[in-house]
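Since the structure is predicted, the reported quantities are computational estimates derived from the model, not experimental observations. Read the numbers this way: they start at 1 and go in the same order the structure lists the ligands and their atoms. Values below: every heavy atom of this structure, side chains too, minus hydrogens, waters and symmetry copies.
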Amino acid sequence: MDPRTVMEFENSEDFARRLDADDPLVHFRSRFHVPHQTGSEVLYFTGNSLGLMPKTAADYVIQELRDWEQLGVEGHVRASHPWLPYHEFLTSQMATIIGAKPIETVVMNSLTVNLHVLMVSFYRPTAERYKIVIEKGAFPSDQYAVKSQIAFHALSTAGTQNSLIELIPRAGESTLRTEDILETIEREGDSIAIVLLGGVNYYTGQAFEMKAIAEAGHKAGATVGFDLAHAAGNLELHMHDWDVDFAAWCSYKYLNGGPGAVAAAFIHERHATSFDLPRFAGWWGHDKETRFLMGPDFKPIPGAEGWQISNPPILQMAALRASLEIFEEAGMPALVDKSRKLTGYLEYLLDGINDDRISVVTPRDPERRGCQLSIRVKDSGRSLHEKIVAHGVSADWREPDVIRVAPVPLYNTYADVFNFAEILKECLK
Ligand SMILES: Cc1ncc(COP(=O)(O)O)c(C=O)c1O
């Protein structure tokens with residue numbers, strides 16, 4: 001039997017409203033501020049870019065400002081949430097979201113910075129094993145990070161020609177086949193130092209088979225990392241059980257941490273005490289008991305915390321704390337459950353438009369995607385995007401030909417999805 005749930009949908013506003021009435025998560029929408037355009041709520045489908053603001057975020061940030069106002073430096077120990085261990089207040093909720101243990105998870109820095117920090121430890125090219133496997137269409141920042149790491153090592157390591165293996169979909173296809181990814185890893189075997197893929201591709205919305213990729217990478221003797229920017233808070237993840245070595249992700253997308261929000265990193269428990277791994281050290285990664293003895297020698301904290309460099313941005317973390325509390329209440333399994341249905345409904349309605357100028361490039365298999373659908377538009381895609389925006393839709397345009405639409409289960413409704421499809425149909429006329 002096909003493990004996918006077969007859902008019966010109807011193309012009517014009444015049906016969408018009934019789905020909303022039956023949705024056990026529907027009340028979470030009221031916990032977020034939804035932007036307005038000309039007096040009405042925007043149909044917000046850009047949570048894959050910047051998640052909505054939890055209503056509690058302002059109070060949480062203001063609380064820290066008040067503590068700063070009233071306590072000054074004493075806030076490090078006397079604030080209602082003391083600043084010294086502040087990042088720890090986020091650890092266990094963040095770990096749960098990506099299927100990790102607290103010792104494997106730390107909230108710190110920003111995403112590309114974390115990719116670099118982790119590659120310092122996990123990209124250790126040798127003359128024989130020096131290649132990095134990425135997606136050809138990886139997010140540009142990842143491509144720049146990886147290429148600059150290769151260039152950085154070329155200064156001291158021989159044999160780094162052709163160090164980048166870029167995975168490309170087959171001719172006429174938009175997404176990568178798992179079998180092709182695994183075959184490349186097997187073929188390049190001994191020459192691969194790390195496999196570094198996105199959990200979900202930002203452009204196509206394809207979710208990769210991370211467990212199988214981690215297994216194949218390890219079999220080849222490589223280290224395996226993931227950029228979870230589009231996966232954290234979107235898919236059910238099991239970073240620990242899938243045996244991934246490291247991961248990094250931002251928290252301004254599905255995790256609703258706010259613009260430029262503080263990012264996070266996962267480092268598998270088996271590396272927790274790998275103190276021989278090179279790392280760019282800083283005092284926040286140093287043993288907590290002796291940090292303030294101000295000694296000259298770095299003693300890393302076991303686990304992911306040992307990769308911290310600087311003391312953390314409290315105001316950003318306060319905003320993120322507001323959102324992670326909501327995630328804890330809702331729970332990833334329930335969110336993913338709704339997400340499949342919500343995005344399945346969007347797919348059904350798009351199919352019903354039946355216009356050959358638009359096609360969905362995201363995989364149809366719910367296991368191989370998150371909430372985002374990427375709609376490829378033939379010819380005047382940009383002007384179609386401008387038209388839907390003028391109708392109160394927030395969706396984004398990605399060059400060269402895609403409109404990304406991400407119904408987020410925490411705050412989008414089936415009625416949002418229905419209204420979007422109606423607007424799209426109208427704008428295609
Ligand atoms: C997949 C992916 N990687 C990296 C980045 C860059 O993130 P940052 O600017 O936080 O380093 C983004 C930003 O959207 C992204 O989507």
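Atom CD of E41 and atom OG1 of T413 lie 9.0 Å apart (nearest 0.5 Å).
Taking the ring centre of W284 as origin, the terminal cationic atom of R291 falls inside the region bounded by 6.0 Å and 45° from the ring axis.
In D227, the part holding a heavy atom less than 4.0 Å from any atom of ligand 1 is the side chain. By the criterion of a heavy-atom distance under 4.0 Å, neither the backbone nor the side chain of L115 is placed next to ligand 1.
Salt-bridge formation is not detected for the pair D23/R29: no Lys NZ or Arg NE/NH1/NH2 atom is positioned less than 4.0 Å from an Asp or Glu carboxylate oxygen.
Close contacts between ligand 1 and A229 involve ligand atoms 1 (C), 2 (C), 15 (C), 16 (O) [criterion: under 4.0 Å to a heavy atom]. Counting the atoms of ligand 1 from 1 in the order shown, those under 4.0 Å from a heavy atom of H230 are 1 (C), 16 (O). Of all atoms in ligand 1, listed by their number and element, those nearer than 4.0 Å to a heavy atom of K253 are 13 (C), 14 (O), 16 (O). Taking every non-hydrogen atom of T112 and a distance limit under 4.0 Å, the qualifying atoms of ligand 1 come out as 6 (C), 7 (O), 8 (P), 11 (O).
The aromatic rings of H268 and F266 sit perpendicular to each other, their planes meeting at more than 60°, with 30° as the lower class boundary.
Proximity annotation for atom 10 (O) of ligand 1: of W249, Y252, F139, Y252 comes nearest, heavy atoms only.
Between H116 and F280, the ring center distance fails the sub-6.0 Å criterion.
Close N/O approach between Y202 and ligand 1 is not found [any backbone or side-chain N/O within under 3.5 Å].
If you check the side chains of R321 and Y86, you find a donor sitting under 3.5 Å from an acceptor.
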